[in-house]
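This structure is a prediction, so every number in the text was calculated from the model and none was measured.
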Amino acid sequence: MMMAEECASLSKDLECSGTSTAETPTIKDIEQLLNAGRPSCNHVDEVWPNLFLGDLVTAHNRFGLWKMGISHVLNAAHGRILCQGSHDFYGTSIEYYGVPAYDLPDFDISPYFYPAAEFIHKALTTPGAKILVHCAVGISRSSSLVLGYLMIYHHFSLVKAIQAVREHRWIFPNRGFLKQLRNLDIQLNKESTKQKSQKQTPDN
């Protein structure tokens with residue numbers, strides 16, 4: 001386990017390397033950052049204003065969700081064992097979106113980055129709405145989709161997104177998901193650089 005000073009130094013170094021002017025950090029560097037801190041978390045944590053990241057225990061407690069004011073649920077383990085959330089389960093009081101992801105390094109979760117981010121964004125721009133994003137444990141699948149949302153809609157680098165979530169909850173996407181998030185980071189950096197270049201180029 002890393003000391004606090006080492007963690008802060010690593011975070012600063014990786015944050016710098018996560019910008020569009022430098023290379024995206026390696027998987028090893030990102031895992032080193034994720035490994036820092038206490039490897040435990042609650043059933044649910046608010047990791048962004050009105051955005052909660054949690055597990056199936058929280059997701060299956062409809063009364064608890066009602067008390068929390070949850071209006072939207074994104075299930076990153078839709079249809080998987082013990083994670084049987086659905087429109088029928090929640091009824092009309094909650095907007096539901098299911099992502100049938102396996103927590104395996106070879107599962108391609110990347111096609112869901114943008115649709116999930118859009119669902120989260122629509123929820124958070126709805127007055128009074130709150131969203132729960134969950135999987136079985138709330139550490140890998142669901143956290144990957146939350147990181148993707150922060151990267152796509154808030155223009156965070158992968159490292160900055162990880163730092164934002166880890167202030168409130170310990171997460172650890174599997175290595176395959178990290179590679180896909182890293183590819184998203186590279187793609188978004190290229191798009192950002194291209195847009196900046198176009199703005200700086202005077203019209204003919």
>> Does any part of the side chain of S143, heavy atoms only, come nearer than 4.5 Å to the side chain of V165, both counted from C-beta?
In response: no
> Looking only at atom types and distance, does a side-chain atom of R141 sit under 3.5 Å from a main-chain N or O of A101, one as donor and one as acceptor?
Replying inline: yes
>> So does F107 get a backbone contact from the side chain of Q180, meaning a donor-acceptor N/O pair under 3.5 Å?
In response: yes
> Would you say the side-chain atoms of E191 and Q187 include a donor-acceptor pair closer than 3.5 Å?
Replying inline: yes
>> With rounding to the nearest 0.5 angstrom, report the CG to OG distance, N50 to S71.
In response: 8.5 Å
> How long is the gap from CG on L147 to CG on L150, to the nearest 0.5 Å?
Replying inline: 6.5 Å
> Can you tell if the side chain of M68 reaches within under 4.5 Å of the side chain of V44, non-hydrogen atoms only?
Replying inline: yes
>> Can you tell me how far apart CZ (R175) and CD1 (I30) are? Round to the nearest 0.5 Å.
In response: 10.0 Å
> Can you name the nearest heavy-atom pair linking R166 to I171, along with the distance?
Replying inline: CG-CG1, 4.1 Å
> Between Y114 and F177, is there a shared hydrophobic cluster once you connect ILVMFWY residues whose side-chain heavy atoms come closer than 4.5 Å?
Replying inline: yes
>> Show the nearest heavy-atom pair for residues F119 and V73, with the distance to one decimal.
In response: CE2-O, 3.7 Å
> side chain to side chain contact (heavy atoms under 4.5 Å, CB included) between L124 and Y153: does it pass, once the steps are laid out?
Replying inline: CA-CA 11 Å; L124 296 182; Y153 277 93; over 6 Å; no
>> Let's go through Q163 and F156 carefully: what are the C-alpha distance in whole Å and the side-chain angles of both, what is the deciding distance for side chain to side chain contact (heavy atoms under 4.5 Å, CB included) to 0.1 Å, and is it a yes or a no?
In response: CA-CA 10 Å; Q163 291 169 338; F156 282 10; over 6 Å; no
> To the nearest 0.5 Å, what is the distance between NZ (K190) and OG1 (T24)?
Replying inline: 9.5 Å
>> Before you tell me yes or no, could you show the steps for R182 and I186 under side chain to side chain contact (heavy atoms under 4.5 Å, CB included), namely the whole-Å CA-CA distance, both residues' side-chain angles and the distance that decides it to 0.1 Å?
In response: CA-CA 6 Å; R182 185 176 183 274; I186 294 170; 3.7 Å; yes
>> Please give me the minimum heavy-atom distance between S157 and D185, naming the atom from each residue.
In response: CA-OD1, 3.6 Å
> Does atom NE2 of H168 have more than 12 heavy-atom neighbours, drawn from other residues, nucleotides or ligands, at distances under 6.0 Å?
Replying inline: yes
>> Could you tell me if the side chain of Y112 sits less than 4.5 Å from the side chain of Y97, heavy atoms only?
In response: yes
> Minimum heavy-atom separation for H60 to F89, with atom names?
Replying inline: O-CZ, 3.7 Å
>> What I'd like to find out is whether the side chain of N75 reaches to under 4.5 Å of the side chain of H134, using heavy atoms alone.
In response: yes
> What heavy-atom pair brings P25 and V159 nearest, and what distance separates the two atoms?
Replying inline: CG-CG2, 3.7 Å
>> Which residue in the set N174, L145, L104 passes side chain to side chain contact (heavy atoms under 4.5 Å, CB included) when paired with I109?
In response: L145
>> Does any part of the side chain of S110, heavy atoms only, come nearer than 4.5 Å to the side chain of L184, both counted from C-beta?
In response: no
>> With rounding to the nearest 0.5 angstrom, report the CZ to CD1 distance, F172 to I162.
In response: 9.5 Å
> Minimum heavy-atom separation for R169 to N42, with atom names?
Replying inline: NH1-O, 2.8 Å
>> Using only atom types and a distance under 3.5 Å, with no angle test, would you say the side chain of W170 pairs donor to acceptor with the backbone of L34?
In response: yes
>> Any heavy-atom pair between the side chains of H78 and V99 that's under 4.5 Å?
In response: no
> Can a donor-acceptor pair be found between the side chains of N189 and S192 at a distance below 3.5 Å?
Replying inline: no
>> Using the rule given for side chain to side chain contact (heavy atoms under 4.5 Å, CB included), can you reason through F52 versus I70, listing the C-alpha separation, both sets of side-chain angles and the distance that settles it, and then say yes or no?
In response: CA-CA 9 Å; F52 294 80; I70 297 296; 3.8 Å; yes
> Quick one: are Y149 and L51 in side-chain contact, heavy atoms under 4.5 Å?
Replying inline: yes
>> Using 0.5 Å steps for rounding, measure from the NE2 atom of H154 to the NZ atom of K160.
In response: 10.5 Å
>> Using side-chain heavy atoms (C-beta onward) and a distance below 4.5 Å, is L53 in contact with D45?
In response: no
